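These numbers come from a predicted model, not from an experiment. Proteins come first, then strands; the chains are lettered A, B, ... in the order of their sequence lines, and each starts at number 1. For the numbers below, each heavy atom of this structure counts, side chains included, while hydrogens, waters and symmetry mates do not.
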Amino acid sequence: MEGSHTMTEHVLDTLKERGFLQQSTDEVGLRSYLSEMGATCYLGFDPTAGSLHIGSLLPIMALKHLQDAGVRTIALLGGGTAMVGDPSGKTEMRKMLQPEQIMQNAESFKLQLSRFLHFDGDRSLWVNNADWLGTLSYITFLREIGRHFSVNRMLTAEAYRLRLENGLSFIEFNYQLLQAYDYLELFRKYGCRLQVGGDDQWGNCLAGKELVRRVESEEVHVMTFPLLTTATGAKMGKTAAGAVWLDANLTSPYEFYQYWINVDDRDVERFLKLYTFLPMEEIGRLAQLEGAQIRDAKEVLAFEVTKVVHGEQAAAQARAAAQSLFGGGAADAEAMPETHVSKADVEAGISAPELLAMAGLAKSRSEGRRLIQQGGVQLGDRRCEEIDEMVGPEHFSGDGTLIVKVGKKRFHRMVIQ
RNA sequence: GGGGAGAUACCGAAGCGGUCAAACGGGACGGACUGUAAAUCCGUUGGCUCAGCCUUCGCAGGUUCGAAUCCUGCUCUCCCCA
């Protein structure tokens, strides 16, 4: 099963060795399917947020691997299913979203995804399940699809057990049927025989597989990816500021890069395999590094992932900024987040806590005040000692900028305008 | 439809008339130590014109010198029975 003829390695082996495979149905059948011409797989995206975040990046990476191996990929946008809401893994019903909101999210998803998957021609498709779910007739749906689902069976599923304790509304109980119907639809329309997704979707995916078998008497496949938690047990991609988004306007390339630099030592190898396209030999070498040298591996990781998401130029810029900020040099920090302040305000003097609040480095002046009291604030190259220190023109350097540092690694640039 | 339980700060959870800006735990943040890591230790964690003041304990009223704590109504959640 090793077969190290690099060029012709089977995608399934690639995915396995990089740690993508969590569960799959009939691996032998799946393997041969993926080798067929015209093999097609789909991945669903839930447009319940305004942007994709790191959590969605893992399946996207997997999809890239599949695409590179010649598999046709379909990105399914859950415009219809988002109207219902997936109860999997949730302890309570999530807020129902407004249709307009969903549509808007869908648009930005498409834009973001097109960075990774090129929706051109027939190789990579973009579909929205609102197109077929939206026009379903309730009675018809119940008669054709609903009758294939056993409530008894659904209730024994792990995904619902949790909710049985806290209450599960009927609308959410229907989610699985709709998702299953998606698979049937894509099988019929595109001959799609593989659905991939996060492992929390295993149950929903299987429901689709079953449905296709019952209705069409055809075997289709399911493959899931692990749901990552960091070595410290936290959910992937969560920071103090919230999720790590793929949208540069929500999480700047610099912050994005920093997220990866700050990853736990124990996660480096795993993440290199999953989130970069570096060859395994290279990753193996980086994984050998020990002690402080692990930082080099983290730099490679951060650079590569940032490159995948934001492009090489942004990645290089983020790296340069990080190196100058943490390497001691006072070099340029283009990629650092910045805030503009008016000349008049600066001349009048801005209190230090106020400045922190303006820059978003503190949620309130009180918080800024506390940060200063705790010695966590640096204005330019001097530590701010007094909570009522006034920041005026003399704090800014010749080019009218002032670098404010909070804690060990949050930098912000104030610019006089 | 009937009966019961409950809604406290980011989360979990104490408090049941004053000493409550609200115990404790987790998380997060700051400091020390380091390698922009982990672990550990110390500190912080409503707002403000900050040794003082203002607004918070589901929402709206009420009792009281005084309410997160008592009363009334409302909203929501959960459980049991139908």
Side-chain angles (χ1 to χ4, degrees), chain A residues 87 90-96 161-169 172 229-244 252 254-272 286-287 289-303 305-306 318-329 331 333 335-337 348-379 383-390 403-412:
Chain A
K90 303 273 184 304
T91 51
E92 56 190 47
M93 183 164 166
R94 74 167 104 198
K95 211 173 85 194
M96 280 226 255
R161 204 168 306 152
L162 186 66
R163 292 299 301 274
L164 283 178
E165 319 234 323
N166 301 320
L168 175 68
S169 74
E172 293 178 285
T229 50
T230 62
T232 46
K235 247 191 206 156
M236 232 351 237
K238 293 286 182 207
T239 67
V244 178
S252 70
Y254 170 76
E255 294 168 289
F256 188 85
Y257 181 91
Q258 285 299 317
Y259 175 81
W260 296 99
I261 283 286
N262 286 308
V263 134
D264 191 292
D265 284 7
R266 292 166 289 179
D267 289 326
V268 176
E269 182 179 357
R270 199 160 52 116
F271 290 176
L272 279 167
L286 291 167
L289 299 175
E290 284 182 359
Q293 281 192 313
I294 291 175
R295 262 177 29 251
D296 296 342
K298 287 184 185 177
E299 268 188 31
V300 174
L301 171 68
F303 179 78
V305 190
T306 308
R319 180 172 59 190
Q323 283 171 348
S324 72
L325 289 172
F326 292 99
M336 202 186 297
I350 303 170
S351 77
E354 168 85 48
L355 190 80
L356 293 172
M358 283 169 71
L361 291 165
K363 287 198 211 67
S364 64
R365 279 172 229 159
S366 292
E367 186 177 308
R369 182 182 298 267
R370 271 181 237 121
L371 285 169
I372 294 167
Q373 278 166 346
Q374 293 174 121
V377 175
Q378 209 168 313
L379 299 174
R383 176 174 284 192
C384 177
E385 309 280 1
E386 295 294 325
I387 53 173
D388 40 15
E389 175 163 352
M390 293 304 281
I403 291 182
V404 183
K405 181 180 174 191
V406 168
K408 276 170 286 193
K409 37 194 158 182
R410 288 158 70 204
F411 291 87
H412 200 95

message: Please report the distance, rounded to the nearest Å, between CD in A/Gln323 and C1' in B/G35.
response: 15 Å
- prompt: What is the distance from CG of A/Asp388 to P of B/A51, rounded to the nearest Å?
  reply: 10 Å
How is [X] classified with respect to the nucleic acid when contacts are heavy atoms under 4.0 Å: base, sugar-phosphate, or nothing?
{"X": "A/Arg266", "answer": "sugar-phosphate"}
{"X": "A/Ile261", "answer": "base"}
{"X": "A/Asp264", "answer": "sugar-phosphate"}

- line: RNA chain B nearest-nucleotide lookup for A/Asp265 and A/Val377: closer to the 5′ end is A/Val377
Watson-Crick or G-U counterpart of [N], or none if no pair lies under 3.5 Å:
{"N": "B/G73", "answer": "B/C59"}
{"N": "B/C48", "answer": "B/G52"}
{"N": "B/G66", "answer": "none"}
{"N": "B/C16", "answer": "none"}
{"N": "B/G1", "answer": "B/C81"}
{"N": "B/U34", "answer": "none"}

- prompt: Just wondering, do A/Glu299 and A/Ile261 contact through their side chains at under 4.5 Å, heavy atoms?
  reply: yes
query: Can you tell if the side chain of A/Tyr254 reaches within under 4.5 Å of the side chain of A/Leu325, non-hydrogen atoms only?
result: yes
Between [X] and [N], is there a side-chain N or O to OP1/OP2 distance below 4.0 Å?
{"X": "A/Ser364", "N": "B/C48", "result": "yes"}
{"X": "A/Arg370", "N": "B/G47", "result": "yes"}
{"X": "A/Arg369", "N": "B/G47", "result": "no"}

query: Which residues satisfy the ring pair (Phe, Tyr, Trp, His ring centres under 6.0 Å) test with A/Phe411, sequence neighbours excluded?
result: A/Phe326
